[in-house]
Amino acid sequence: MQRGNLEFFKDRSLFYISRILSREEKKGNSQWNYKLPEVYFVGIMDFRFEKEEQTKYLHDVRLIEVETGKHFYDKLGFIFIELPNFVKEYKDDDTPESISEIDKWIYVLKRLDQLKELPRFLNKRVFKQLFKIAEVGNLNKEELMLYETSLKAKRDYNSAMSYAKKLAKEEGFEEGIEEGMERERLNIAKELKKEGLPTEYIARITKLSSDVIDKIIV
């Protein structure tokens with residue numbers, strides 16, 4: 001990701017690729033035959049190559065034979081994405097099938113810091129994960145501590161419920177398991193209340209009602 005334009009940016013991109021390729025040389029190995037892996041440079045740019053060109057946002061650059069246009073070497077490529085040139089707008093009710101995968105990626109990369117929630121056409125696991133990473137990355141120190149506390153509580157809760165069910169199955173009885181699970185939910189809710197987390201969030205984690213949570217004394 002490059003936010004500002006740099007002098008010789010294209011040269012710099014080629015230099016980075018060259019350094020990666022040069023590391024493939026097997027020092028002291030006389031059997032190395034120069035075979036190289038596929039290498040691609042992906043540049044996500046918050047600037048334009050050319051100020052006059054404001055429409056093309058995706059550049060797929062390869063080594064070709066100039067006269068015929070055929071690929072000369074297919075294991076080296078440069079992908080440049082000019083974010084300022086991506087001006088497409090989508091509505092929340094647009095269907096995922098109507099938008100190409102590359103446009104979905106560019107859309108979310110350009111607007112990730114502006115989105116309060118993911119639009120429905122980005123309802124895909126990879127975009128949800130990306131959105132969550134961005135949310136956590138923007139938390140201040142206090143918010144991050146609360147997030148980590150709630151995450152630990154959720155994991156503890158899931159682990160406790162799983163273990164309780166396993167014991168019940170192994171012992172061959174079901175009586176009392178619901179009571180034990182309820183007690184565990186109340187304990188976790190109490191700990192979350194101590195940390196100052198909102199009732200709505202605690203209810204979502206523990207599956208307890210808001211009325212029950214409000215009555216818990218910490």
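Keep in mind that the numbers below use all heavy atoms, side chains included, and drop hydrogens, waters and symmetry copies.
Of the possible donor and acceptor atoms, none in the side chain of S98 sits under 3.5 Å from a partner among the backbone N and O of D94.
Judged as a side chain to side chain donor-acceptor pair (under 3.5 Å), and not counting sequence neighbours, the contacts of E89 are R111. Among residues two or more places apart in sequence or in another chain, the ring pair (Phe, Tyr, Trp, His ring centres under 6.0 Å) test is passed with Y90 by Y107, F121. Under the side chain to side chain donor-acceptor pair (under 3.5 Å) criterion, E38 pairs with Y40, not counting sequence neighbours.
Residue I106 holds its CD1 atom at 4.5 Å from CD1 of I102, rounded to the nearest 0.5 Å. Atoms CZ and CZ, from F41 and R12 in turn, are 8.5 Å apart once rounded to the nearest 0.5 Å. Expressed to the nearest 0.5 Å, how far CZ of R23 lies from CG of L36 amounts to 13.5 Å.
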**Full working for side-chain contact (heavy atoms from CB on, under 4.5 Å) between I81 and F86** = CA-CA 9 Å; I81 299 172; F86 186 83; over 6 Å; no

Which donor-acceptor pairs under 3.5 Å do the side chains of residues 54-63 make with protein atoms, sequence neighbours left out?
unit_1	atom_1	unit_2	atom_2	d
Q54	NE2	K51	O	3.0
T55	OG1	E53	OE2	2.4
K56	NZ	L58	O	3.3
Y57	OH	K88	NZ	3.0
Y57	OH	D103	OD1	2.8
Y57	OH	D103	OD2	3.4
H59	NE2	E82	OE2	2.3
D60	OD1	R62	NE	2.7
D60	OD1	R62	NH2	3.3
D60	OD2	R62	NH2	3.4

Let me check something: any side-chain donor-acceptor pairs from residues 208-218 under 3.5 Å, sequence neighbours excluded? List them with distances.
unit_1	atom_1	unit_2	atom_2	d
S209	OG	V212	N	3.2
D214	OD1	T199	OG1	3.3

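F80 and I64 fall into different hydrophobic clusters, defined by Ile, Leu, Val, Met, Phe, Trp and Tyr side-chain heavy atoms under 4.5 Å apart, directly or through other members. Linking ILVMFWY residues whenever their side-chain heavy atoms come closer than 4.5 Å, directly or via other members, places V39 and Y34 in the same cluster. F15 and F8 sit in two unconnected hydrophobic clusters of ILVMFWY residues. Membership requires side-chain heavy atoms under 4.5 Å apart, directly or through other members.
Open room surrounds CD on E50; 12 or fewer heavy atoms of other groups in view lie less than 6.0 Å from it. Counted within 6.0 Å of NZ on K104, heavy atoms from surrounding residues, nucleotides or ligands total more than 12; the atom is thus considered enclosed.
The list of side chain to side chain donor-acceptor pair (under 3.5 Å) pairs with a residue in residues 68-79, not counting sequence neighbours, reads E65-T68.
Summarising the geometry of V108 relative to W105, their closest heavy-atom pair is CG1-O, 3.2 Å, with the distance given to 0.1 Å.
Looking at F47 and L83, their side chains never come closer than 4.5 Å, going by heavy atoms from C-beta outward.
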